[in-house]
2 protein chains.
Amino acid sequence: MEQIICTVDVVLLTLQDDSLKVALLKRTHAPYQGLLALPGGYIHQGEDSDARDAALRVLRDKANIHAPYLEQLATFTGQARDPRGWSISVSYYALVSAQVIEAAAHPDVHLVDVDRYQQLPFDHQHILNTAVQRLRSKSQYSSLPCYLAGDTFTLPQLQRVYEVLMGEAINKVSFRRKMTEMDMLEVAGGKPEAHGAHRPAQLYQLKPAFRQHLRLLERGF
Amino acid sequence: MEQIICTVDVVLLTLQDDSLKVALLKRTHAPYQGLLALPGGYIHQGEDSDARDAALRVLRDKANIHAPYLEQLATFTGQARDPRGWSISVSYYALVSAQVIEAAAHPDVHLVDVDRYQQLPFDHQHILNTAVQRLRSKSQYSSLPCYLAGDTFTLPQLQRVYEVLMGEAINKVSFRRKMTEMDMLEVAGGKPEAHGAHRPAQLYQLKPAFRQHLRLLERGF
DNA sequence: TTAATAGTGTCTGTTAGACAGTATGGG
DNA sequence: CCCATACTGTCTAACAGACACTATTAA
């Protein structure tokens, strides 16, 4: 009996032009060589102390992305999902701002709308769907969307991020009440930029205590 | 390089005497032979079509439990968690009523209070904590606790299940409003038993559509 | 001054919890 | 009848959303 194939896959998500995008890479090896797929790879026992380490390494090597918000999504397993044999994919999802992707400027990374139908190899469409569902679900009652908004952002920008993820308009007063209640933001030093003939918005950033950990709401938005 | 050790572990939870219990088994092989541990075992490529299948097999073979509510919890990985080498544990949690455990009557199964400190081998304490946290969290806004309540139950019994999991009293009127709103229960045929000199409660059961799938609440309890 | 977006004060409708009442069984 | 627990009607307090108002910038 051959040994089980142990891999990690990463669903790297970002927000661009008011829509949710996933980073895909052209596969350089068989099977499915040349097809767009989630960044992933074998776990390296020598190099990776655990699967999370492997996911971070994959993001570093294949997309030039360092230390994003990264969370385990689920593990996809079985005889059928990989033509090479019984396999395990410990899957993660990562959230970064569009600026981080642009700064990484990796030539092989393709950003594709998550709702656009693709012929993804393996069960990557299922993994992607699971990640998007998880993100949208957690956006209802947590600070998760903040990681898509960049280092500093205005409240109208952040509200727009939430609205795109939840797919519906949020009451402005309620949104700001929730943000105050969460007590998670602080005013950022930089001067807010003007974007036209009107009052510019205050810049905010996550308080240091919340850069790594989510804030949960008793009641959702 | 040796191959990665691929296993499943199951956190089998039940409610007994108003407290949450986990099913533990004495390990029959090294390492940690003789210690109480979560039921688990190697993935069998020939036998198991995926890891969920392996978890169901483990429950069947090691605890005589068939087709419980079973959900993937998380995957625990790394160099350090198993003395034999780099390992993967795809972990699941299962919920059953105390009657199901009693009916299984497996002599090796030990039910232990989840809050009682144990010296569990590997990272099983961490896996257990993660499962309990997940159950308690999901109990806030879903029908998950119903799977601990047995086939038929009264509303006061079900409320008690929720209260034990959430660790606080719930308003009776609100609880019943939520249950009505969820529209997930139907009156069960059997006559309610009298438990003293007072009015006996109506028996309910999950509607067939919800025997497998959770019902989520917009706002929690 | 005007236009446009940022941000806030306040009213109102909805929802959750408190409380007290009725219902129904056994003794 | 009494008691204990099941169940329900209704009042109140807390919360979310609507709306309108003020604030601040560039043109």
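Keep in mind that the numbers below use all heavy atoms, side chains included, and drop hydrogens, waters and symmetry copies. Per chain, numbering begins at 1; letters A, B, ... match sequence-line order.
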Engineer: Once you measure the plane-to-plane angle for Tyr141(A) and Tyr141(B), does it fall in the parallel (<30°), tilted (30-60°) or perpendicular (>60°) bin?
Structural biologist: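 Tilted: the ring planes of Tyr141(A) and Tyr141(B) meet at 30° to 60°.
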
Engineer: In whole angstroms, how far is the C1' atom of dA16(D) from the CG atom of Leu217(A)?
Structural biologist: 13 Å

Engineer: If you go through the side-chain atoms of Lys172(A), does one of them form a donor-acceptor pair with the base of dG17(D) closer than 3.5 Å?
Structural biologist: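 Under the 3.5 Å cut-off, the side chain and the base do not form any donor-acceptor pair.
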
Engineer: From CG of Leu203(A) over to C1' of dA6(C), roughly how many Å is that when rounded to an integer?
Structural biologist: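 My rounded result for the distance is 13 Å.
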
Engineer: Without hydrogens or angle criteria, can the side chains of Asp9(A) and Ser89(A) be said to hold a donor-acceptor pair below 3.5 Å?
Structural biologist: yes

Engineer: Using atom CD of Glu218(B) as one end and atom P of dG17(D) as the other, report the distance to the nearest whole Å.
Structural biologist: 11 Å

Engineer: Give a yes-or-no answer on whether the side chains of Glu186(A) and Tyr204(A) include a donor-acceptor pair shorter than 3.5 Å.
Structural biologist: no

Engineer: Please determine whether any donor N or O and acceptor N or O are separated by less than 3.5 Å between the side chain of Asn171(B) and the base of dA18(C).
Structural biologist: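 Yes, the side chain and the base share a sub-3.5 Å donor-acceptor pair.
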
Engineer: Quick check: on DNA chain D, is the nucleotide nearest Pro200(A) upstream (toward 5') of the one nearest Phe175(A), or the reverse? Name the residue that is more 5'.
Structural biologist: Phe175(A)

Engineer: Expressed as a whole number of angstroms, how long is the span from Gln157(A):CD to dG7(C):C1'?
Structural biologist: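 Rounded to the whole Å, the gap is 15 Å.
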
Engineer: Glu181(B) or Val173(A): which one's nearest nucleotide on DNA chain C is closer to the 5' end?
Structural biologist: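 Checking each residue's closest nucleotide, the 5'-ward one belongs to Val173(A).
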
Engineer: Over how many whole Å does the gap from Arg177(B) atom CZ to dC19(C) atom C1' extend?
Structural biologist: 13 Å

Engineer: Between Tyr69(A) and Tyr147(A), what is the ring plane arrangement, given parallel below 30°, perpendicular above 60°, and tilted in between?
Structural biologist: parallel

Engineer: Of the nucleotides dA4(D), dG7(C), dA16(D), which has the atom closest to the Pro156(A) side chain?
Structural biologist: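 Per side-chain heavy atoms of Pro156(A), the pick is dG7(C).
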
Engineer: Can you identify which nucleotide, out of dT24(D), dA6(D), dA4(C), has its nearest atom closest to the His198(A) side chain?
Structural biologist: dA4(C)

Engineer: Are Arg160(A) and Asp18(A) within salt-bridge range, i.e. N to O under 4.0 Å?
Structural biologist: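 Salt bridge: yes.
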
Engineer: Calculate the interatomic distance between Met179(A) atom CE and dA16(D) atom P; express it in whole Å.
Structural biologist: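 Nearest whole value for this atom pair: 13 Å.
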
Engineer: When the distance from CE of Met166(A) to P of dA16(D) is rounded to whole Å, what number comes out?
Structural biologist: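 Interatomic distance, CE of Met166(A) to P of dA16(D): 13 Å.
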
Engineer: Taking only side-chain nitrogens and oxygens of Arg176(A), does any of them come within less than 4.0 Å of OP1 or OP2 of dG7(C)?
Structural biologist: yes

Engineer: Whole Å only: how far is the CD atom of Glu168(A) from the P atom of dA16(D)?
Structural biologist: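 Distance check: Glu168(A) CD to dA16(D) P gives 15 Å.
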
Engineer: Nearest heavy atom decides the nucleotide; on that basis, is Arg219(B) or Thr154(B) closer to the 5' end of DNA chain D?
Structural biologist: Thr154(B)

Engineer: Which listed nucleotide (dG7(C), dT5(D), dG26(C)) is nearest to the side chain of Gln202(A)?
Structural biologist: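 In terms of side-chain proximity for Gln202(A), the closest of dG7(C), dT5(D), dG26(C) is dG7(C).
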
